[in-house]
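In what follows, a structure is listed as structure tokens, so that the remarks can point back to it.
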Amino acid sequence: MANEVRVRYAPSPTGHLHIGNARTALFNYLYARNLGGKFIIRIEDTDQKRNIEGGEESQLQYLKWLGIDWDEGPDQGGDYGPYRQSERNDLYKKYYEQLLEEGKAYKCYCTTEELEAEREAQQERNEIAGYSGKCRNLTKEEQAVLEAEGRRPSIRFLVPEGETIAFDDMVKGNVSFDSDGIGGDFVIVKQDGTPTYNFAVAIDDHLMKMTHVLRGDDHISNTPKQLLIYKALGFEPPVFGHMTLIVNENRKKLSKRDESIIQFIEQYKELGYLPEALLNFITLLGWSPKEEEEIFTKEQIIEGFDADRLSKSPAFFDKQKLLWMNNQYMKEQSIERVVELAGPHLIKEGLIEKTLSPEREEWVTSLIALYQEKMSFGAEIVQLSDLFFKEDVSYEGEAKEVLSEEQVPEVLRSFAEKISALEPFEADGVKKAMKDVQKETGYKGKKLFMPIRAAVTGQTHGPDLPKAIELLGKEKILKRLNAVLD
């Protein structure tokens, strides 16, 4: 095995970058970077029917957005290309012909209908489903007859009987399979000449000199088949590591049909999440640092990444923790970056114009700054700042209770009088007006501030009140105060 660590992320271009796939890519990336090795992208696109247009570009785009880079791949080449399986068919041919020649694989002429009938018969007999091996010992003459009928063969790997396939997994420890439980001789080349997943992956990982294969737990059933291919071809296998599943709040495996959790990286970008926060969060889905802290820079994660600390228990996708973490990052950003994340959502909802005057741009920046401490992601600004885009306010719940207190008319009349004469209409002046109301009426604290907040915002909690009043503007404030007084 090569001294240099070489690991890969090998997506199929069948969809967008899912949170589980992003974690696989990230852990491989961190492992390589921590040990000074190489991280490679390989596109497994042999299943042309399932590939979607733009699937490869989308995968690469959102890995880059997360802050993951690679040393070799389809977009930049390398010494072990091509990096798309569809461009490697000539490489596979050499190895399946070798297996055929050595009697470790054979041509199978069974039709789909025959295989289905065989499966149904096995089920009726309560047997484990698997290929019976009926084409294993066909003579050249028998093969010629079948080919004359127009049958095109697939190629099956000859699975040895009664063999234990064992390996030391980086996460699970010692794992073993019985070859008799694999389900019979499996197809390594389809009838159309396309190599199957397990065959192509084994060849690619060997030729690309992969030292470690870190992947999701759902791949563990593929490992014995790949190890058999390695052994049959005389290849040294890589070290395997199967990361535990990601589960939802019901401790069920995260399914792409689970609508309670946002699952695609593209969606997080569109919602105005920070890539560095999402990378931090994904890192903690199945890996634990030595320190008790949870907020890390990418450089700190790389330095501290130790594969021995990969979890053996399922990783819980905690939505509230992600919101908290993104909020921690949001608080630390420059207001310019927060505006970049939040502003497009106000435009999308038709609340502000796409092209703003300098004065309007300053107002929008001040509005977003008002909620920066509270905002968990960019799109949240629409809900948080709702009161600034309404003409009228409805008074319900706590706000209605506050406005029913006996001192309210006196406080609001005094405040309306003070701010109607206020020029310029700015937060500092609003703050002074409140102090003047306190002196004039004798009311202070909640008795003073709560009625004003409830009257002008319809809420009893919210951002800095003087600044909010400045941004709402004198005309809107006086209209709301008078509406309550009336």
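Looking at K298, its side chain does come within 3.5 Å of a backbone N or O of G67 through a donor-acceptor pair. In this structure a side-chain-to-backbone donor-acceptor pair under 3.5 Å is present from D45 to S86. For the pair S58 (side chain) and G54 (backbone), a donor-acceptor distance under 3.5 Å is absent. Panel note: side chain D71, backbone I40; no donor-acceptor pair is recorded below 3.5 Å. Using modelled atom types, one side-chain atom of Q372 and one backbone atom of M330 make a donor-acceptor pair closer than 3.5 Å. Side-chain N or O atoms of E120 include none that pairs as donor or acceptor with a backbone N or O of A117 at under 3.5 Å. Under a 3.5 Å cut-off, the side chain of T244 and the backbone N or O of S313 do form a donor-acceptor pair. Between the side chain of T365 and the backbone N or O of E361, at least one donor-acceptor pair lies under 3.5 Å. Listed for the D306 side chain is a donor-acceptor partner under 3.5 Å among the backbone atoms of D308. Judged purely by atom type and a 3.5 angstrom limit, D169 has no side-chain atom pairing as donor or acceptor with the backbone of V175.
Looking at R84 and E56, a side-chain N of the basic residue comes within less than 4.0 Å of a carboxylate O on the acidic one, giving a salt bridge. The existence of a salt bridge linking R337 and E340 is excluded, since no basic side-chain nitrogen approaches an acidic carboxylate oxygen closer than 4.0 Å. Comment: D205 engages R42 in a salt bridge, judged by a side-chain N to carboxylate O separation of less than 4.0 angstrom. Under 4.0 Å is where a charged nitrogen must lie from a carboxylate oxygen, and between K231 and E163 at least one such pair does.
Looking at Y106 and D185, their side chains do bring a donor and an acceptor atom within 3.5 Å of each other. A donor-acceptor contact under 3.5 angstrom links the side chains of E72 and Y83, judged on distance only. Side-chain contact of Q226 with N198: a donor-acceptor pair under 3.5 Å is present, judged by distance alone. Side-chain N/O atoms of E118 and S132 include a donor and acceptor closer than 3.5 Å. Defined by atom type and a distance below 3.5 Å, a donor-acceptor pair is missing between the side-chain atoms of S376 and N326. Counting only N and O atoms by type, the side chains of D217 and H242 include no donor and acceptor under 3.5 Å apart. Defined by atom type and a distance below 3.5 Å, a donor-acceptor pair is present between the side-chain atoms of H219 and Y197. Donor-acceptor pairing under 3.5 Å is lacking for the side chains of W324 and D318. Judged purely by distance below 3.5 Å, without hydrogens or angles, the side chains of D204 and Q85 pair a donor atom with an acceptor atom.
Side-chain contact between T457 and V393: absent, with no pair of heavy atoms (C-beta onward) separated by less than 4.5 Å. F240 is listed as a side-chain neighbour of R215, based on a closest heavy-atom distance under 4.5 Å. Considering only heavy atoms from C-beta on, P237 stays 4.5 Å or farther from F167 through its side chain. No side-chain heavy atom of I265 sits under 4.5 Å from any side-chain heavy atom of H16. Counting only heavy atoms from C-beta outward, the side chains of L228 and I165 approach each other to under 4.5 Å. Residues T194 and V189 have side chains not in contact (no heavy-atom distance under 4.5 Å, counting atoms from C-beta outward). Counting heavy atoms from C-beta outward, I155 and V187 have side chains that stay 4.5 Å or more apart. Counting heavy atoms from C-beta outward, S260 and K319 have side chains that approach closer than 4.5 Å.
Enclosure of atom CD in E87 by more than 12 non-hydrogen atoms of other residues, nucleotides or ligands within 6.0 angstrom is indicated. Atom CZ of R50 has 12 or fewer neighbouring heavy atoms from other residues, nucleotides or ligands inside a 6.0 Å radius. Enclosure of atom CD in Q76 by more than 12 non-hydrogen atoms of other residues, nucleotides or ligands within 6.0 angstrom is indicated. Counting non-hydrogen atoms of neighbouring residues, nucleotides and ligands closer than 6.0 angstrom, the CD atom of E57 exceeds 12 such neighbours. Counting heavy atoms of neighbouring residues, nucleotides and ligands inside a 6.0 Å radius, atom CG of D90 does not exceed 12 of them. Around CD of E101, the count of heavy atoms belonging to other residues, nucleotides or ligands within 6.0 Å does not exceed 12. With a 6.0 Å radius and a threshold of 12 heavy atoms from other residues, nucleotides or ligands, K190 has its NZ atom above the threshold.
Relative ring orientation between W363 and F388 is described as perpendicular, the plane-to-plane angle rising above 60° on a 0-90° scale split at 30° and 60°. Ring pair Y96/F199 is tilted by interplanar angle, where 30° to 60° counts as tilted.
Nearest heavy atoms, E294 versus N280: O-ND2, 3.0 Å. Taking all atoms of both residues into account, the shortest heavy-atom contact from L66 to L279 is O-CD1, 3.0 Å. Of all non-hydrogen atoms in V213 and P238, the two that sit nearest each other are CG2-CG, 3.7 Å. When all heavy atoms of P224 and I182 are compared, the closest pair comes out as CB-CD1, 4.1 Å. A pairwise comparison of heavy atoms in R119 and A129 identifies CG-CB, 4.5 Å as the closest pair.
The aromatic ring centroids of F305 and F27 lie less than 6.0 Å from each other. For F377 and Y329, the gap between ring centers reaches or exceeds 6.0 Å. For Y31 and H212, the ring centers are positioned less than 6.0 Å apart.
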For residues 345-353, which side-chain N or O atoms pair as donor and acceptor with protein atoms under 3.5 Å away, sequence neighbours left out?
unit_1	atom_1	unit_2	atom_2	d
H345	NE2	E270	O	3.1
E353	OE1	R360	NE	3.4

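Residues passing the side-chain hydrogen bond (donor to acceptor under 3.5 Å, both in side chains) test with Y273, sequence neighbours excluded: none. Partners of N89 according to the side-chain hydrogen bond (donor to acceptor under 3.5 Å, both in side chains) rule, which considers only residues two or more places apart in sequence or in another chain, do not exist here.
Among residue pairs with one or both ends in residues 174-183, none qualify as side-chain hydrogen bond (donor to acceptor under 3.5 Å, both in side chains); sequence neighbours excluded. The side-chain hydrogen bond (donor to acceptor under 3.5 Å, both in side chains) pairs that include a residue from residues 146-162 are Y109-E147, E114-R151, E149-R151, where partners are two or more places apart or lie in different chains. For residues 128-163, the ring pair (Phe, Tyr, Trp, His ring centres under 6.0 Å) pairs, not counting sequence neighbours, are F157-F186.
Cation-pi check for R33 over F39 is not met; the charged atom does not lie both under 6.0 angstrom from the ring centroid and within 45 degrees of its normal.
Residue K38 is tested with M208, R8, R6, K209 for a side-chain contact (heavy atoms from CB on, under 4.5 Å); the sole match is R6.
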request  = Kindly determine whether E266 and K269 satisfy salt bridge (charged side-chain N to carboxylate O under 4.0 Å, His left out), including the steps that lead there.
outcome  = CA-CA 5 Å; E266 181 178 356; K269 182 178 185 290; over 6 Å; no
Trace of the side-chain contact (heavy atoms from CB on, under 4.5 Å) decision for E398 with H461 = CA-CA 10 Å; E398 287 184 36; H461 307 283; 3.8 Å; yes
